[in-house]
Amino acid sequence: MRSLFLATLVVSDYDAAIAYYCDVLDFTLVVDQPLGDGKRWVVVRPDKTEGAGLLLAQADGADQQAAIGAQTGGRVSFFLSTDDFARDHALYLSCGVTFLEEPRHEPYGTVAVFRDAFGNLWDLIEHAKSS
């Protein structure tokens, strides 16, 4: 089986995470396979892209926070690209996403950092258009 995931997202509840990523963030559910003992192999793919995906792993409370922080020494960041920053920024705000940084313009495009419902950090990026 070809490796599909880029990173592991630690979540408190599989069903809530699937609903959040697939319904709110418009990911595609690629794999949802029970492994027994309450464990599941769940992979979601951002932006319907090929060869990229996120493995969802369940943890609770302090274990969840420790696992998230351990991934990158405290800051876990993933990227969501958009072709319309204003539209998607407003959409995520309306869905209760917490933005940690106001939109800013960088040479590579417009970006803002938000926290998802499970404490994972994301950068919403609209890439600069070539002139």
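When reading the values below, keep in mind they use all heavy atoms of this one structure, side chains included, and skip hydrogens, waters and symmetry mates. Predicted, not measured: the structure shown is a model, and the values here were computed from it.
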*Under the side chain to side chain contact (heavy atoms under 4.5 Å, CB included) criterion, do Phe114 and Leu121 qualify, and how do the steps go?*
CA-CA 6 Å; Phe114 68 90; Leu121 299 182; over 6 Å; no
*So how far is it from Asp123 CG to Glu101 CD, rounded to the nearest 0.5 Å?*
7.5 Å
*asked:* Holding to ring pair (Phe, Tyr, Trp, His ring centres under 6.0 Å), I want the full list of residues that pass it with Phe85, two or more places apart in sequence or in another chain.
replied: His89
*For the student: nearest non-hydrogen atoms of Cys22 and Leu29, plus distance*: SG-N, 3.7 Å
*Does Glu106 have any side chain to side chain donor-acceptor pair (under 3.5 Å) partners at least two apart in sequence or in another chain, and if so, which?*
Arg104
*Applying side chain to side chain contact (heavy atoms under 4.5 Å, CB included), run through Trp41 and Asp32 and close with a yes or a no.*
CA-CA 6 Å; Trp41 174 256; Asp32 184 359; over 6 Å; no
_Spatial distance of atom OH (Tyr108) from atom CD (Glu126) [nearest 0.5 Å]_ = 13.0 Å
*Shortest non-hydrogen contact between Tyr92 and Val24, atoms and distance*: CE2-O, 3.9 Å
*Where is the tightest heavy-atom contact between Val97 and Arg115, given as atom of each residue plus distance?*
CG1-O, 3.9 Å
*For Ala128 and Pro107, work out which heavy atoms get closest and say how close.*
CB-O, 3.6 Å
*Would you please test Leu80 and Leu25 for side chain to side chain contact (heavy atoms under 4.5 Å, CB included) and show each step?*
CA-CA 9 Å; Leu80 276 180; Leu25 299 184; 4.3 Å; yes
*For Phe99 and Val113, run side chain to side chain contact (heavy atoms under 4.5 Å, CB included): C-alpha distance rounded to whole Å, both residues' side-chain angles, the deciding distance at 0.1 Å, then the answer.*
CA-CA 6 Å; Phe99 277 88; Val113 178; over 6 Å; no
*To the nearest 0.5 Å, how far apart are OG in Ser81 and CD1 in Ile125?*
6.0 Å
*Would you say the ring centroid of Tyr20 lies under 6.0 angstrom from that of Trp122?*
no
*Can you list the residues that meet the side chain to side chain donor-acceptor pair (under 3.5 Å) rule with Asp23, with sequence neighbours excluded?*
none
_Residues forming a side chain to side chain donor-acceptor pair (under 3.5 Å) with Asp88, sequence neighbours excluded_ = Thr82
_Taking side chain to side chain donor-acceptor pair (under 3.5 Å) as the definition, give me every residue that meets it alongside Arg87, ordered by chain and number, with sequence neighbours left out._
Asp83
*Kindly write out the residues that satisfy side-chain contact (heavy atoms from CB on, under 4.5 Å) with Asp15, not counting sequence neighbours, or none if the list is empty.*
Asp13, Arg40
_Between Leu124 and Val111, is there a side-chain heavy-atom distance shorter than 4.5 Å?_
no
*Leu54 CG to Leu9 CG distance, which is reported to the nearest 0.5 Å*: 4.5 Å
